[in-house]
Amino acid sequence: MAASPRTLPQSLRHHLLNPVALGYLAAVAAVGVWVVLDALLVERADASLAGVWLFIATAPTSMLFTALPGSLAFAGVAVGAVVQALALGAAYRRLRGRTARTATAGA
């Protein structure tokens, strides 16, 4: 199998710019907006667990960062979102390429 002629930035862009990866990133962004609005606008006597949803939306990669001190744990959310989006984008491209090949082979 020949190596891909794409550079690393081209490969990343190829896997991130598709409907599945962008939809996942939009969903994570929506959860992030909800968490920020919950933290800023809702008064509670006790703590809110809304921030946990960011880690759930980007798990399992973000869970590797939960042991970091302070707000560094939230770096795992960004890393997790990108890693999962890349994986979803690669799977989408792979499946889409497979269905395109079978459609042209059958024609």
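Shown here are the side chain to side chain contact (heavy atoms under 4.5 Å, CB included) partners of Leu22, two or more places apart in sequence or in another chain: Leu17. The side chain to side chain contact (heavy atoms under 4.5 Å, CB included) search around Ile56 returns Val52, Trp53, not counting sequence neighbours. Listed by chain and number, the residues in a side chain to side chain contact (heavy atoms under 4.5 Å, CB included) with Phe65 are Leu68, Val79 (sequence neighbours excluded). By the ring pair (Phe, Tyr, Trp, His ring centres under 6.0 Å) test, Phe74 is found to be paired with Phe55, residues two or more places apart in sequence or in another chain being considered. A search for ring pair (Phe, Tyr, Trp, His ring centres under 6.0 Å) contacts involving Tyr24 returns nothing, not counting sequence neighbours.
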Would you list the atom pairs, donor with acceptor, under 3.5 Å between side chains in residues 29-36 and any protein atom, with sequence neighbours excluded?
none

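Looking only at atom types and distance, the side chain of Gln84 has a donor-acceptor partner in the side chain of Thr61 under 3.5 Å away.
Taking CG from Leu88 and CG from Asn18, the interatomic distance works out to 8.5 Å, rounded to the nearest 0.5 Å.
Under the 4.5 Å side-chain heavy-atom criterion for grouping Ile, Leu, Val, Met, Phe, Trp and Tyr, Leu64 is connected to Val83 within one hydrophobic cluster.
Residue pairs meeting the salt bridge (Lys or Arg N to Asp or Glu O under 4.0 Å) criterion with at least one partner in residues 63-75, sequence neighbours excluded, are absent. Applying the salt bridge (Lys or Arg N to Asp or Glu O under 4.0 Å) definition to pairs two or more places apart or across chains, none involves residues 53-81. Within the structure, side chain to side chain donor-acceptor pair (under 3.5 Å) contacts touching residues 64-82 (residues at least two apart or in different chains) do not occur. Residue pairs meeting the salt bridge (Lys or Arg N to Asp or Glu O under 4.0 Å) criterion with at least one member in residues 24-38, sequence neighbours excluded, are Asp38-Arg44.
Between Ala85 and Ala21, the shortest heavy-atom contact is O-CB, 3.4 Å. Across all non-hydrogen atoms, the minimal contact from Gly76 to Thr58 is O-OG1, 4.5 Å.
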